[in-house]
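Every number for a ligand or one of its atoms is a count from 1 in the order of the listing. Just the heavy atoms: all of them, side chains too, but no hydrogens, waters or symmetry mates, feed the values below.
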Amino acid sequence: MSDEKKTLVVLGSTGSIGTQTLEVARMHGYAVKALSAHSNYNLAEEQAREFRPETVCMTDEMAYGELKTRLADTDVTVTYGKASLCETAALPCDMVINAVVGMVGLEPTLAALNARNRVGLANKETLVTGGELVKAAEKANNVDIVPIDSEHSAIFQSLMGNSGNKIEKIILTASGGPFFGYNKEQLKTVTMEQALHHPNWNMGRKITTDSATLMNKGLELIEAVRLFDVTPEQVEVVVHRQSILHSAVEYEDGAVIGQLGVPDMKIPIQFAVTYPKRLPSCSRKLSLFDVGTMTFEHADEETFVCLAEARKAIAKGGTAPTILNGANEAAVAAFLDGKIPFYRIGELVCECCDSLTHDQTVTLDTINEADKAAKDFIRAALS
Ligand code: NDP
Ligand code: MG
């Protein structure tokens, strides 16, 4: 179908974004040079047999051993560990899609950019924790990062053709998640099943939880500041329950340019790969008649404290966003393990951000230290 055959490296290929990236690759006949996953060796095997990559990198040791045995009859090389993940990201290709979950994605993003690979970036924790390093590597190597997060893809598209024009503000839309309109008391009784049932999007468990706490919007606010070089005050969060307007940019003349479409991640994934071109896709087309009404409301940041805490973290700067992100990763993992109720996620993140001192210097070392300190803080609070 496409007029150009691309070669992709897909990190986090077994996840929600990873599998949808492979759907796009399958549709357009793109070659897949390498894949990575953590522990899901069953799906990684299936993907390796279909796409015949040169390598598959597993970051869980047991899964690595199992996959190596299973793929022994093929010419696919199976590798293991974080260093291999960075080597995978640096393989020559047209684009590295980074769809791993968590701040573990930072070093592979840097490795990809330093190898002059274009990056399709879904992994928002990369920009929250190491945004300055990533932008510096993008500039130094003169390669593009194309965002895949739907809001940031929308902003990226709304900026196209407008270089040099002053941005007044970014309108960052939020679905509001499953608990929009709830108060603090009501949040105390919600279940994991309710939290994992997102009204509009079908995503991995971590981001679905982040959407329910509104931490996802907090991370995305920081992601927007990093990607588009605006101040946090220029980013306006607007709850738009229908997830049709994926975000917009207001220019100084008052014109607002936004991107609309059905909520389907294959649209921003494919656009990242084909940018600046557009190709036909298998996604459903938008009917405004079916949508009927679009609503826009304020977020309740007193109840959804994670969003307010993210604003504080980006205002502090340095490693403060890494502390926020690390605390959130650990608290969400505890929630998904059934160790804490939903409302404790926000409380723990706030306690951690209030207690730890951030460092204004941002290097890989200070980021890794801040991440560890935050995760240790949450583990200690839970023991
Ligand atoms: P999933 O949980 O569905 O998938 C995560 C992927 O990362 C899997 O391939 C998983 O492997 C792998 N992985 C998990 N832990 C590690 C680790 N420690 N080291 C290396 N790889 C690991 O996540 P999503 O696809 O939902 O999200 C991926 C990223 O994209 C996140 O940063 C998210 O915020 C962002 N994003 C996602 C959207 C979505 O619609 N899903 C929308 C916008 C952004 P395994 O399967 O083996 O565990
Ligand atoms: Mg998003």
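- Counting heavy atoms closer than 4.0 Å to ligand 1, residue Thr14 contributes atoms from both its backbone and its side chain.
- At a 3.5 angstrom cut-off on N or O pairs, Ile17 counts as close to ligand 1.
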Ring pair (Phe, Tyr, Trp, His ring centres under 6.0 Å) for Tyr275 and Phe156? Distances and angles first, verdict last. CA-CA 11 Å; Tyr275 165 77; Phe156 186 88; 5.0 Å; yes

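- Judged by the 6.0 Å distance and 45° axis criteria, Lys6 is not positioned over the aromatic ring of Tyr30.
- For Gly15, a nitrogen or oxygen atom sits less than 3.5 Å from a nitrogen or oxygen atom of ligand 1, counting backbone and side chain alike.
- Within the structure, the closest approach of Lys124 to ligand 1 falls below 4.0 Å when heavy atoms are considered.
- Using a 30° and 60° split on the angle between ring planes, His152 and Phe228 fall in the parallel class, below 30°.
- By the ring-ring contact (aromatic ring centres under 6.0 Å, His included) test, Tyr182 pairs with Phe179, sequence neighbours left out.
- Annotation: atom 13 (N) of ligand 1 to nearest protein heavy atom, His38 CB, 3.6 Å.
- Side chains of Glu125 and Asn123: a donor-acceptor N/O pair is present below 3.5 angstrom, by distance only.
- Residue Arg205 has no nitrogen or oxygen atom sitting less than 3.5 Å from a nitrogen or oxygen atom of ligand 1, judged on distance alone.
- Residue, atom and distance of the protein heavy atom nearest to atom 31 (C) of ligand 1 are Val100 O, 3.8 Å.
- Here the protein heavy atom with the shortest distance to atom 5 (C) of ligand 1 is Val101 CG1, 3.7 Å.
- The atoms of ligand 1 that sit less than 4.0 Å from any heavy atom of Ser13 are 9 (O).
- Linking ILVMFWY residues whenever their side-chain heavy atoms come closer than 4.5 Å, directly or via other members, places Ile167 and Leu227 in the same cluster.
- Nearest to atom 6 (C) of ligand 1 by heavy-atom distance, out of Ala99, Gly18, Ala63, Pro147, is Ala99.
- Residue Ala122 approaches ligand 1 through these ligand atoms, each under 4.0 Å from one of its heavy atoms: 30 (O), 32 (O), 35 (C), 36 (N), 44 (C).
- Considering backbone and side-chain N/O atoms, Gly102 never comes within less than 3.5 Å of an N/O atom of ligand 1.
- Of the heavy atoms in Met203, both backbone and side-chain atoms come closer than 4.0 Å to ligand 1.
- For a distance threshold of 2.8 Å, the protein N, O or S atoms nearer than that to the Mg ion (ligand 2), listed by chain and number, are Asp149 OD1, Glu151 OE1, Glu220 OE2.
- Distances between N or O atoms of Asn202 and those of ligand 1 include no value under 3.5 Å.
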